[in-house]
Number of protein chains: 2
Amino acid sequence: MTTSAPQDAPQEDYLLLDQQICFSLHAASRAFTSAYRVVLKDLGITYPQYLVMLVLWEQGELPVKKLGERLRLDSGTLSPLLKRLEAAGLVRRERSARDERSVEVRLTGEGTALRERALAVPRRIVSATSFDVDEIRDLRDRLNVLTAALDEAALDEAALED
Amino acid sequence: MTTSAPQDAPQEDYLLLDQQICFSLHAASRAFTSAYRVVLKDLGITYPQYLVMLVLWEQGELPVKKLGERLRLDSGTLSPLLKRLEAAGLVRRERSARDERSVEVRLTGEGTALRERALAVPRRIVSATSFDVDEIRDLRDRLNVLTAALDEAALDEAALED
DNA sequence: CACAATTCAATTGCCCACAACTAAATGGCG
DNA sequence: CGCCATTTAGTTGTGGGCAATTGAATTGTG
């Protein structure tokens with residue numbers, strides 16, 4: 001696999017391409033976040049907080065663990081974020097009675113009500129992208145493939161450390 | 001433009017689509033960053049620091065201002081990051097003699113030398129994505145279009161605040 | 001039952017992103 | 001020349017992301 005490079009010539013070019021792709025993804029992600037920041041300011045929540053609310057609006061309630069799996073975020077990110085959502089009155093956090101290790105995150109009435117106002121968000125974002133729905137879906141699919149491949153590669157890497 | 005919705009029925013669907021696309025982009029960006037984190041650990045730099053080094057390897061030296069324009073980062077991000085690169089011995093920062101407001105960022109010998117080791121990075125990342133070069137280029141182009149559209153929409157928004 | 005391994009959330013510490021503000025230097029303009 | 005708007009970095013404060021660690025609860029196993 002890692003014999004010395006099959007083609008050594010374009011290694012310089014790869015560094016340039018790398019500069020372009022990693023910059024592009026990073027910049028796109030930040031531009032996207034920035035667009036949401038503007039739109040979400042009315043709702044008083046941030047972009048990552050919005051992601052959490054989207055899951056809760058769909059699921060109603062679920063433990064921190066499940067939330068982390070859905071969003072690929074760990075407790076180091078979620079714990080303080082959920083505290084802020086709780087301080088804002090949008091969710092409650094309660095230790096599960098059945099398993100005291102687990103913390104259930106539940107929407108409050110206020111949190112549920114916020115969904116109505118959030119319905120206007122996607123349209124504003126979509127229009128800001130100048131993409132149509134099919135293009136967005138296609139981009140989403142590509143990104144999911146990319147993420148899955150990167151995750152798998154990360155697992156392989158981890159497996160090598162034995 | 002913003003008359004009441006041309007089609008009200010699928011507003012719920014939009015919220016679902018939004019959940020998917022914003023999650024996908026966010027997750028892809030983090031998966032990408034994570035892949036770089038693994039590869040860059042050998043070089044002792046982080047992903048945003050690598051972005052800075054890529055620009056410096058191409059340009060040799062340039063003021064903080066120009067660096068920020070290239071990377072779309074402001075001084076609040078760059079100042080501490082550049083201090084860390086300086087502490088690591090990879091760059092020097094010097095007030096410009098001609099314009100004392102400006103700070104020139106220059107590669108040190110060590111910083112220049114690091115490029116040799118960085119040449120191995122892109123190939124490892126590309127192989128982790130399981131995409132071929134054309135697919136990567138295409139994705140990069142789409143992301144650039146997306147970013148440009150979002151930036152323009154942000155400008156329009158700002159223009160409305162008069 | 002008792003003890004060890006595992007699971008789960010929280011905390012700590014470091015880095016990045018960005019808004020808002022500060023301070024210093026520059027360039028124009030009366 | 002003297003003053004003011006602009007430009008440029010830096011600082012501060014808030015929020016996120018993540019690795020590493022902690023502590024409590026649970027599960028598994030002898």
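Side chains are part of it too, since the values below use all heavy atoms of this structure and drop only hydrogens, waters and symmetry mates. Quick note on labels: first sequence line is chain A, next is B, and so on, each numbered from 1.
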[X] has an atom [atom1]; how far is it from atom [atom2] of [N], in whole Å?
X       : N      : atom1 : atom2 : value
B:Leu40 : C:dC16 : CG    : P     : 12 Å
B:Leu71 : C:dC16 : CG    : P     : 12 Å
B:Lys65 : D:dT6  : NZ    : P     : 14 Å
A:Leu82 : C:dT11 : CG    : C1'   : 15 Å
B:Leu67 : D:dT8  : CG    : P     : 14 Å

Polar atoms only, N or O, under 3.5 Å: list the protein pairs with nucleotides 16-18 of chain D and their distances.
residue, atom, partner, partner atom, Å
D:dG16, OP1, A:Thr46, OG1, 2.4
D:dG16, OP1, A:Gln49, NE2, 2.6
D:dG16, OP2, A:Arg84, NE, 2.7
D:dG16, OP2, A:Arg84, NH2, 2.1
D:dG17, OP1, B:His26, NE2, 3.1
D:dC18, OP2, B:Arg30, NH1, 3.0
D:dC18, N4, A:Gly76, O, 3.3

(request) Report yes if a side-chain nitrogen or oxygen of B:Ser75 is closer than 4.0 Å to either non-bridging phosphate oxygen (OP1 or OP2) of D:dA9; otherwise report no. (result) no
(message) For a quick test of reading the model: is some side-chain N or O of B:Lys83 closer than 4.0 Å to OP1 or OP2 of D:dT11?
(response) yes
Between [X] and [Y], is there a side-chain N and carboxylate O pair less than 4.0 Å apart?
X        : Y        : value
B:Asp132 : B:Arg137 : no
A:Arg95  : A:Glu100 : no
A:Glu58  : A:Arg70  : yes
A:Asp138 : A:Arg142 : yes
B:Glu94  : B:Arg106 : yes

(message) Contact list please: residues 93-106 of chain A against DNA chain C, heavy atoms, distance less than 4.0 Å, in numerical order.
(response) A:Arg93, A:Arg95, A:Arg101, A:Ser102, A:Val103
(message) If I compare all heavy atoms of A:Glu110 with all of A:Ala88, which pair ends up nearest, and what's the gap?
(response) OE2-O, 3.8 Å
(request) Please work out whether the ring planes of B:Tyr36 and B:Tyr50 are parallel, tilted or perpendicular, with thresholds of 30° and 60°. (result) tilted
(request) Flag the pair A:Leu43 / A:Val121 as yes when at least one side-chain heavy-atom distance between them is below 4.5 Å, and no otherwise. (result) yes
